[in-house]
Amino acid sequence: MSQETVIQLRNVTKKIGGKTIVDHLTFDVPRGEVFGFLGPNGAGKTTTIRMMVGLISMSEGEVLVNGINVNRNFEQAMMHIGAIVENPELYKFLTGYQNLIHFARMIPGITKERIEEVIKLVKLENRIHDKVKTYSLGMRQRLGVAQAILHRPAVLILDEPTNGLDPEGIRELRDYLRQLARSEGTAVIVSSHLLSEMELMCDRVAIIQNGKLVNVQMMRDMVQRQSDEASLVVLEVDDPQRAMHILVDTISVTEASVAPDSLTLYLKRDQVPDVIKQLVEGNVRIYSASTASMTLEDKFLELTRGGQIV
């Protein structure tokens, strides 16, 4: 992944009727990164995206795309941005190919070879000459993405791109966006309420609440607990009830639950060897031991204190 920054938000703020909807957001997204944008209901996520693509004005701050200010040089900045806000707008009575031709005519320099390249990239070769009205929702999403990247934008911004997609369509879109970031070096910014998909898709995630930036962190760091923190340890044993009695008598265990074939404990890292030792000495057979990692959903709810997800 390149460290070259392609889009910068600097103190981006939106006020409506004296109420601050977005409050001085500042972050950068480098080339080749899939960047997730999350927030509870009313956090200002969609408002921020609309300001980034120039659909609504900012009260304060600036957005720079490849160093070009969106407010001062809107048309020039938009040449470096591709976006789908809500649903892709397509002519359903035309074929997929005709839609791409129509869009290509609006922007100079898009060749027939580029159109063919994009069709292959989104894997629509077999259906590109069919009318869009015959496409599934997932195919229309892919055609919308193809339309958005025809001009080789530095940044692709997608607002809830998985809405209405079935699991196969979601997986196809996820794989395609990661491939796009790798193969073309595009910075991809995605908002979604499907946290499990964001966890699989994104390199980094920003969480906003009440219009303010709560956290920006690499995904791998966000979903892993620090080694000295307590975590959930699952022990698969032959007699969970007896194992629990042994541990209660010998080791301080603050949280535990017993299942028919396992024991789940909330332990610090340096407690794990002692627990296993006590169980072995108590003739408890241990079949496996594993640590339950924190998920993006866990971290999201921790940071937003359980706020509902947009």
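Values in this document were obtained by computation on a predicted structure and should not be read as measured data.
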Drop me the distance from [X]'s [atom1] to [Y]'s [atom2], to the nearest 0.5 angstrom.
{"X": "Asp261", "Y": "Asp239", "atom1": "CG", "atom2": "CG", "answer": "11.5 Å"}
{"X": "Arg174", "Y": "Ile170", "atom1": "CZ", "atom2": "CD1", "answer": "9.0 Å"}
{"X": "Leu100", "Y": "Lys112", "atom1": "CG", "atom2": "NZ", "answer": "13.0 Å"}
{"X": "Phe37", "Y": "Thr46", "atom1": "CZ", "atom2": "OG1", "answer": "9.0 Å"}
{"X": "Leu158", "Y": "Ile189", "atom1": "CG", "atom2": "CD1", "answer": "9.5 Å"}

Query raised in the report: Looking just at side-chain N and O atoms, do His80 and Asn66 make a donor-acceptor pair shorter than 3.5 Å?
Result: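 Note: His80 and Asn66 side chains meet the donor-acceptor criterion.
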Report task. Determine whether the side chains of Thr186 and Arg152 contain a donor N or O and an acceptor N or O closer than 3.5 Å. Result ->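 No, because no side-chain N or O of Thr186 sits under 3.5 Å from a partner of the opposite role on Arg152.
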Query raised in the report: Any idea which heavy atoms bring Leu25 and Gly211 closest together, and the distance?
Result: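 So the minimum-distance heavy-atom pair works out to CD2-O, 3.7 Å.
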Query raised in the report: Between Leu177 and Val34, which heavy-atom pair has the shortest distance, and what is it?
Result: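 Minimum heavy-atom separation between Leu177 and Val34: O-CG2, 4.2 Å.
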Do [X] and [Y] touch side chain to side chain, with heavy atoms closer than 4.5 Å?
{"X": "Leu94", "Y": "Lys131", "result": "no"}
{"X": "Met201", "Y": "Val190", "result": "yes"}
{"X": "Glu184", "Y": "Glu117", "result": "yes"}
{"X": "Ile7", "Y": "Asp28", "result": "no"}
{"X": "His102", "Y": "Tyr91", "result": "yes"}
{"X": "Leu90", "Y": "Tyr135", "result": "no"}

Query - Plane angle bin for Tyr97 and His129 - parallel if under 30°, tilted between 30 and 60°, otherwise perpendicular - result: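 Aromatic pair His129/Tyr97 classed tilted.
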Query raised in the report: What do the steps show when you test Lys15 against Asp23 for salt bridge (Lys or Arg N to Asp or Glu O under 4.0 Å), and what is the final call?
Result: CA-CA 8 Å; Lys15 297 179 181 179; Asp23 192 358; over 6 Å; no
